[in-house]
Amino acid sequence: MRHNTIAANKMEPQLKDLHPSDRPSPETQITQLWMLLDVSRVLNSTLDLDTLLRIIVEVATVVTESEAASILLLDQKTGELHFEAATGTKRSEVQSIVVPIEGSIAGWIVSNSKPLLVNNAQQDPRHYTQADDATEFETRSLMGVPLKLKEKTIGVVEVVNKIGPRLFTKHDVEILETLAAQAAVAIENARLYTDLQDQMQALQQAQARLVQSEKLAAVGELVAGVAHELNNPLTSIIGFVELLQLNDLNDSAQKDLDRVVVQAQRAAGIVRGLLDFARQHPPERTPVQIHNMLNKALDLLAYELRTHNIVYDTHFVSDMPLTMADPHQFQQVFINLINNARQAMSGAHSGGRLTITTQLGPSLFRSPDKKSNNQSAEASVIRVIIQDTGPGIPSDRLSRIFDPFFTTKQPGEGTGLGLSVCHGIVSEHGGHIWAESELEKGSVFFIEIPIIELEKSRWTELVDWTGLTDTDTDASISDDGAARLLVIDDEPDLLELLSRTLKLAGFEVDTTGDGHTALTRLNETNYDLIVCDVRMPGMSGLEIFEQAQQQRPDLAKSLIFMTGDTVSPATRRLLDETGAPYLAKPFKPDELIQKVRGLLKAR
Ligand code: ADP
């Protein structure tokens, strides 16, 4: 060992004292300089790191007349050296070798940031023999120089075995240092370029996601607009058919009309679903029946499920209580989960089975640390379990599916936002959402929300969202005869329908399609009740309300708005401010009559 150390130390004077005979002939020196000049041009012409490194090692062997050359780059995180390029046929074996800083010649060069010349490598204790073993190559002599960028050493260029009987000289070191100086700059440029490319790619992906979300928002707006426009004709279709059915028709005609009503109601359901889905709502808390939300989501996706060969079962608990929640948000959660299950099953097996179960009972949720379930163990919660027979989710992916923008779907098929939105909504409600999955068997999504007792809330919302109906049906006639109503709507067909429906129910009805006429009528006549459309050209329903309220401060108690836009936050806010109840289009004639009677009774 001692002998080897001395041998290594002996080499340093060699570097300082260059004997004239060490210099190659002037012709060889000129050739080498031209070569280096050429190399600098080549190195500046490519930004591909692999190509660069390959050129550098090839040139290094030629200019130093060596058998082989390699480049090792320092991994700043681990402090290890990695062979990034090497000449020779065993290149790939070399490239898998990791070289430690301690106990290697390359490590010595990096630590000391100095060149090193070892003319008897096998005797040098720093020689890292594993590279030789892997390549079945015998290193006799070795010369290495640091790759330096400013004051930082980023790696090493090594050449091995001087060809012929001569040894490496200081001149060889000078030549290799010149090459290494050029190489370091080129390597850094290539790295910066690669970093830039990575950043560009990340930016492009982020932009694509943003565009996708924007597109979704635009599609949502479009869908909402179209759905809204469909509400008036649907109300007319349903209403006129029901009026027709009051006539003495034969059975076959009655049945056909029943079919028209069923189909129109189905269309109305889809329109409502689209409106719910497309609109953004501020969070609200109203009494909701979770089963209604699930059924609405299933109705909306029934076509998709059927056409993708997916059957579904529901196992609903019989005594599901109402709870305070945001119905729009929950519908969105269920639509997302059902849609994901549909995509997973149709993508993997062209079909499958969706099972939706609801339960009541103590929470099953365990926080990820498995220590606690974060909730009082006894408190009963509402649990929804959505199970599919899709391909399942690998365990390493399961922990990431709720991350925003995590998606395994093709662009256009998924944005990776669905589950993160679901997670946000459920958490906002004080609940939990999680998934369990088994590969090839399928996935199960669990949602738990607390049961929150009902606040005394507006009955209109109960009617809309829980399916409860008002039981007051006897108030059509006021004490001194039939109640007198004014109906305001700009759609002549709808006006005609409303008028006929209300007259049939025993009311006296005046109609107008214009706001100014409505105000005049309201000044002249003390109507018992006003039914007024919200969105009308010229004067809107809300403007009529504001002006008429100056004469009748308690107008909110005797006016019902009709709107196709109950789910738009702006409309909802304005309607809430008036304090008047509203009917969402499309509605059935008996819903209108019930609401009118209910309000007259309440007064
Ligand atoms: P997206 O559907 O837009 O990809 P999500 O947040 O809804 O975004 O879902 C994220 C990822 O979770 C999906 O890309 C998919 O890999 C996985 N995933 C969600 N639901 C299921 C499911 N039922 N079966 C298998 N994988 C699913």
Side-chain angles (χ1 to χ4, degrees), residues 7-46 51-72 84-88 91 105-106 108-110 112-124 127 137-151 153-190:
N9 286 341
K10 266 190 185 161
M11 287 178 295
E12 299 219 19
Q14 243 184 319
L15 291 183
K16 285 184 199 127
D17 312 319
L18 182 65
H19 194 272
S21 65
D22 287 340
R23 288 239 180 256
S25 68
E27 292 77 20
T28 311
Q29 285 187 49
I30 289 171
T31 312
Q32 286 175 329
L33 286 175
W34 274 114
M35 217 179 240
L36 287 175
L37 201 67
D38 274 353
V39 166
S40 88
R41 283 199 204 105
V42 176
L43 293 185
N44 286 327
S45 70
T46 177
T51 313
L52 265 180
L53 298 178
R54 222 180 44 245
I55 295 170
I56 295 164
V57 288
E58 296 295 347
V59 172
T61 55
V62 176
V63 290
T64 59
E65 295 171 309
S66 318
E67 285 178 13
S70 54
I71 290 181
L72 296 97
E84 297 290 337
T87 55
R91 190 180 296 155
I105 290 175
W108 187 95
I109 294 168
V110 168
N112 294 279
S113 213
K114 278 187 195 162
L116 185 64
L117 219 169
V118 178
N119 272 323
N120 188 352
Q122 296 302 325
Q123 298 290 309
D124 195 298
H127 178 48
F137 184 91
E138 199 201 350
T139 301
R140 296 186 304 279
S141 53
L142 191 149
M143 176 175 75
V145 298
L147 274 167
K148 282 202 268 194
L149 205 74
K150 297 189 184 135
E151 289 313 305
T153 302
I154 60 168
V156 180
V157 186
E158 281 184 347
V159 288
V160 179
N161 297 351
K162 183 86 177 172
I163 295 171
R166 290 189 301 132
L167 299 175
F168 285 120
T169 65
K170 188 182 174 196
H171 176 75
D172 292 324
V173 173
E174 282 172 354
I175 290 281
L176 197 59
E177 277 185 311
T178 312
L179 178 66
Q182 293 177 354
V185 174
I187 289 170
E188 187 62 10
N189 281 346

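We number each residue from 1, following the sequence as shown. The structure presented is a predicted model; accordingly, all values stated were derived computationally and were not measured.
- Scanning for side-chain hydrogen bond (donor to acceptor under 3.5 Å, both in side chains) contacts around T139 gives D132, with sequence neighbours left out.
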Please step through side-chain contact (heavy atoms from CB on, under 4.5 Å) for the pair V173 and F168, ending with a clear verdict.
CA-CA 8 Å; V173 173; F168 285 120; over 6 Å; no
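- Taking all atoms of both residues into account, the shortest heavy-atom contact from L52 to A190 is CD1-CB, 3.7 Å.
- Closest approach of K148 and T153 over heavy atoms only: CG-OG1, 3.8 Å.
- Across every non-hydrogen atom of S66 and A60, the tightest pair is OG-O, 4.4 Å.
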Stepwise, does the side-chain contact (heavy atoms from CB on, under 4.5 Å) test hold for R140 with N161?
CA-CA 6 Å; R140 296 186 304 279; N161 297 351; 3.5 Å; yes
Could you walk me through whether M143 and T64 satisfy the side-chain contact (heavy atoms from CB on, under 4.5 Å) test, starting with their C-alpha distance in whole Å, then the side-chain angles of each, then the deciding distance to 0.1 Å, before giving a yes or no?
CA-CA 10 Å; M143 176 175 75; T64 59; 3.7 Å; yes
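- Heavy atoms only, all atoms of each residue included: A184 and L147 are closest at N-CD2, 3.8 Å.
- Summarising the geometry of V159 relative to A69, their closest heavy-atom pair is CG1-CB, 3.8 Å, with the distance given to 0.1 Å.
- In this structure, the side chain of T87 does not engage the main chain of V57 through any donor-acceptor pair within 3.5 Å.
- The minimum heavy-atom distance linking E177 with P115 is given by the pair OE2-CG, 3.5 Å.
- Atom NZ in K170 sits 11.0 Å away from atom CG in L117 (nearest 0.5 Å).
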Working note: D172 + K162, criterion side-chain contact (heavy atoms from CB on, under 4.5 Å); need CA distance, chi angles, decisive distance, verdict.
CA-CA 10 Å; D172 292 324; K162 183 86 177 172; 2.8 Å; yes
